[in-house]
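As a basis for the values below, the full set of heavy atoms in this structure was taken, side chains included, without hydrogen atoms, waters or symmetry mates. Residue numbers begin at 1 in each chain, while the letters A, B, ... track the order of the sequences.
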Amino acid sequence: MLQQTQVATVIGYYQRFMQRFPTVAQLAESPIDDVLHHWTGLGYYARARNLHRAAKIIEHEYAGEMPATQEQLEALPGIGRSTAGAIRALAMGQHASILDGNVKRVLARFHGIHGYPGETRIAKELWRVAEAHTPKQHTAAYTQGIMDLGATLCVRRKPNCPNCPMLKRCEAERSGTSAQLPSPKPKKAKPVKASRFFIVSLPNKATLLEQRPMDGLWGGLWTPPERNPETTTEAFLDELSLTPEHLGEQINDQTFRHTFSHFHLDVEPIYLRLKQAPLHVADNAARWVNPTQIDAENEPLGLSAVAVKLLATQPHPQRALEL
DNA sequence: TAACCGTGGGC
DNA sequence: TGCCCAAGGTT
């Protein structure tokens, strides 16, 4: 959960997740929909799918016993070099190194390492000094200490240098470059994509959701049907084996922009209220769900933030058109 | 190597 | 408001 996600954001999710899945065995036995439901809103949903897969591997390949070597841990889905090092150093007391955002910042400043840390050459240099500093005794305390140094004093903006215990040995302090380190990511223009979401509801408020493929954006989550902007209402209804006579009301809500890490998505919401339910929905990856019950634990489905917004902010019905 | 993967905090 | 970034990893 903590990968690329701030601690304060994680805490609530962690507590609810651990209450629902207290052991590796219970996580491994649970349906993926329930796992993703508890991940809803956290983002990077591959982490949830990988954690679920890793629990199954630990249960079935390691007899429920957590593997303890760097190689075995890195072989688990979702665990890379840094997370494996964190598990070994913090949970197992082994001699192992980590390199998270905090440690990168502390080391880049302490050694005056210029260049974007995502660049291979810079990353190799950071890993080299990270391992060189890691003591063989008290590894867990050192590891927590250097992370906390980055989280409390050596912060990204306006670091508290006067109170830093490493001040006299800090290269960025000597050269006055702490404000420029670590070097920022080279910026690139974000492409803009557009898509149309059809929010189809029945008189009893049940709303149609589709499960997305397990890979790609919002993999495994459920959203209202997403189609390209050329898809007309008639074509979409025809896809559901519905005729325009089933349609009670259509509201084309205001397009809004959702910003991701690497692109923008212009969302066109189209609300369709049906007069009567279709006899069946052919696709088995589609379900009718009452939005008010999704948070009530009896509908354990993962929902993206955009899906939550589309379901929560339904425009008011137009009386004249309702019938 | 570089693109991809989400959401919220903070300025 | 728009931008950068966060206890990174996978393809």
Side-chain angles (χ1 to χ4, degrees), chain A residues 1-14 36 39-54 70 73-91 96-108 115-124 126-127 130 140 142-152 154-159 179-193 212-221 223 256-265 267 302-309:
Chain A
M1 283 185 178
L2 289 164
Q3 290 169 353
Q4 291 287 286
T5 307
Q6 296 185 352
V7 174
T9 301
V10 162
I11 292 174
Y13 285 88
Y14 176 79
L36 288 171
W39 213 274
T40 288
L42 250 192
Y44 284 146
Y45 299 95
R47 297 178 298 176
R49 304 193 303 271
N50 286 335
L51 188 62
H52 190 228
R53 286 174 54 204
Q70 186 76 23
L73 287 168
E74 284 191 38
L76 294 173
I79 297 181
R81 182 174 178 179
S82 184
T83 302
I87 292 169
R88 291 176 57 212
L90 297 173
S97 299
I98 69 164
L99 189 61
D100 72 330
N102 289 308
V103 177
K104 285 176 187 171
R105 185 170 52 254
V106 170
L107 293 178
Y116 174 55
E119 192 179 327
T120 301
R121 194 181 107 257
I122 305 302
K124 279 186 69 173
L126 287 169
W127 268 112
Y142 164 80
T143 301
Q144 192 63 55
I146 190 171
M147 280 194 294
D148 287 346
L149 181 62
T152 59
C154 197
V155 292
R156 190 157 65 93
R157 277 175 294 212
K158 294 175 64 175
Q180 290 102 52
L181 292 176
S183 304
K185 179 188 180 113
K187 56 165 113 184
K188 296 175 183 173
K190 293 179 180 175
V192 178
K193 306 178 183 179
R212 305 171 67 91
M214 282 297 168
D215 56 351
L217 184 70
W218 299 321
L221 273 59
T223 68
F256 62 90
R257 173 164 293 183
H258 189 80
T259 299
F260 293 91
S261 308
H262 56 290
F263 72 98
H264 300 282
L265 183 65
V267 177
L303 293 174
S304 67
V306 165
V308 170
K309 180 172 180 176

Donor-acceptor pair, Arg47(A) side chain versus Met1(A) backbone, under 3.5 Å?
yes
Whole-Å distance between dG9(C) C1' and Arg81(A) CZ?
14 Å
Looking at the side chain of Trp218(A), which of dT7(B), dC4(B), dA3(B) is the nearest nucleotide?
dT7(B)
For atom CG of Leu217(A) and atom P of dC4(B), their distance in whole Å:
11 Å
Contact class for Leu42(A) (heavy atom, under 4.0 Å): base, sugar-phosphate, or nothing?
base
Once you apply a heavy-atom cut-off of 4.0 Å, does Arg105(A) come out as touching a base, just sugar-phosphate, or nothing?
sugar-phosphate
Comparing His262(A) with Tyr13(A), nearest DNA chain B nucleotide closer to 5' gives the residue His262(A)
Send over the distance from Met214(A) CE to dT11(C) C1', rounded to a whole Å.
18 Å
Euclidean distance, atom CG of residue Asp215(A) to atom C1' of dT10(C) [Å, nearest integer]:
12 Å
Taking atom types as they are modelled, would you say the side chain of Thr83(A) forms a donor-acceptor pair with the base of dG9(C) within the 3.5 Å cutoff?
no
Between dC4(C) and Arg157(A), is there an OP1 or OP2 to side-chain N/O distance shorter than 4.0 Å?
no
Which nucleotide wins on minimum distance to the side chain of Ala305(A), given the candidates dG9(C), dT7(B), dG10(B)?
dT7(B)
What does Lys104(A) touch in the nucleic acid at a heavy-atom separation under 4.0 angstrom: a base, only the sugar-phosphate, or nothing?
nothing
Please tell me if Ser261(A) has a side-chain N or O lying less than 4.0 Å from either OP1 or OP2 of dC5(B).
no
Counting side-chain heavy atoms from C-beta on, which of dC4(C), dG8(C), dC5(B) comes nearest to Gln3(A)?
dG8(C)
Touch class at under 4.0 angstrom, heavy-atom based, for Thr120(A) against every strand present
sugar-phosphate
Quick check on DNA chain C: between Pro182(A) and Tyr44(A), whose nearest nucleotide comes earlier from the 5' end?
Pro182(A)
